[in-house]
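Scroll down for the structure; my scribbles are underneath it.
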Amino acid sequence: MEANTLESAVALTKKFTSKPSNEELLKLYSLYKQATEGDNNEERPGGFDFVAAAKYNSWLAMKGKSKEDASSEYVNLVNNLATKYM
């Protein structure tokens, strides 16, 4: 099974039989956020919320990437991960 659109890629991730690594999850998160919302304009999380900070920084690293490019990269990443986690 291979995804061709952002929506089908999201659906495919729900069929993974094991969890991707934290690094892979951050990449999926940041590409998805960039594809759906564009550049990160949210406030940086404070305190000791390390997960939120990692997500924020990962998405911030996508700044300037078009929604179309991010969507395409997300689909490609999901298709690659599917061979590993399904």
Side-chain angles (χ1 to χ4, degrees):
M1 178 177 215
E2 189 168 291
N4 297 316
T5 65
L6 184 65
E7 293 77 21
S8 64
V10 170
L12 186 57
T13 63
K14 296 182 187 331
K15 296 180 181 179
F16 288 1
T17 55
S18 57
K19 186 178 174 182
S21 71
N22 288 340
E23 184 178 308
E24 292 164 333
L25 289 171
L26 278 175
K27 183 81 169 173
L28 285 169
Y29 172 83
S30 60
L31 285 170
Y32 179 81
K33 291 293 272 186
Q34 190 68 20
T36 57
E37 296 184 30
D39 288 343
N40 183 349
N41 294 316
E42 296 181 3
E43 283 190 36
R44 180 178 297 278
F48 293 97
D49 192 346
F50 300 116
V51 173
K55 290 168 107 176
Y56 176 90
N57 290 334
S58 183
W59 181 17
L60 191 63
M62 297 288 160
K63 189 172 188 154
K65 186 181 296 282
S66 73
K67 288 183 176 186
E68 295 77 21
D69 286 347
S71 179
S72 176
E73 284 185 41
Y74 182 88
V75 170
N76 290 335
L77 178 59
V78 168
N79 286 329
N80 285 337
L81 292 177
T83 63
K84 199 170 162 182
Y85 296 108
M86 285 185 69

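FYI, side chains are in, hydrogens and waters are out, and symmetry mates aren't considered; it's all heavy atoms of this structure. All of these numbers come straight from a predicted model, not from anything done at the bench. Numbering of residues begins at 1 and proceeds along the displayed sequence.
Across K67, K33, K63, Q34, a single residue satisfies side chain to side chain donor-acceptor pair (under 3.5 Å) together with D39, and that is Q34.
Residues that satisfy the side-chain hydrogen bond (donor to acceptor under 3.5 Å, both in side chains) test with S8, not counting sequence neighbours, are T5.
Here CG of L77 is found 7.5 Å from CD of E24. Values are rounded to the nearest 0.5 Å. One finds the NZ atom of K65 at 11.5 Å from the OG atom of S71 (value rounded to the nearest 0.5 Å). Atom NZ of K55 is separated from atom CG of L60 by 15.0 Å, given to the nearest 0.5 angstrom. Distance check: Y29 OH to Y56 OH gives 11.0 Å after rounding to the nearest 0.5 Å. Separating the CG atom in L81 from the OG1 atom in T13 is a distance of 9.5 Å, to the nearest 0.5 Å. Between the OG atom in S18 and the CZ atom in F16 there is a gap of 8.5 Å [rounded to 0.5 Å].
The minimum heavy-atom distance linking A3 with V75 is given by the pair O-CG1, 3.4 Å. The two atoms that bring A35 and A70 nearest to each other are N-CB, 3.6 Å, heavy atoms only.
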Evaluate side chain to side chain contact (heavy atoms under 4.5 Å, CB included) for V51 paired with D49, printing each intermediate quantity in order.
CA-CA 6 Å; V51 173; D49 192 346; 4.2 Å; yes
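A donor-acceptor contact shorter than 3.5 Å is absent between the side chain of W59 and the backbone of L26.
When hydrophobic clusters are built by joining Ile, Leu, Val, Met, Phe, Trp and Tyr residues whose side-chain heavy atoms come closer than 4.5 Å, directly or via intermediates, V10 is grouped together with M62. Taken together through direct or relayed side-chain contacts under 4.5 Å among Ile, Leu, Val, Met, Phe, Trp and Tyr, M86 and Y74 form part of one hydrophobic cluster.
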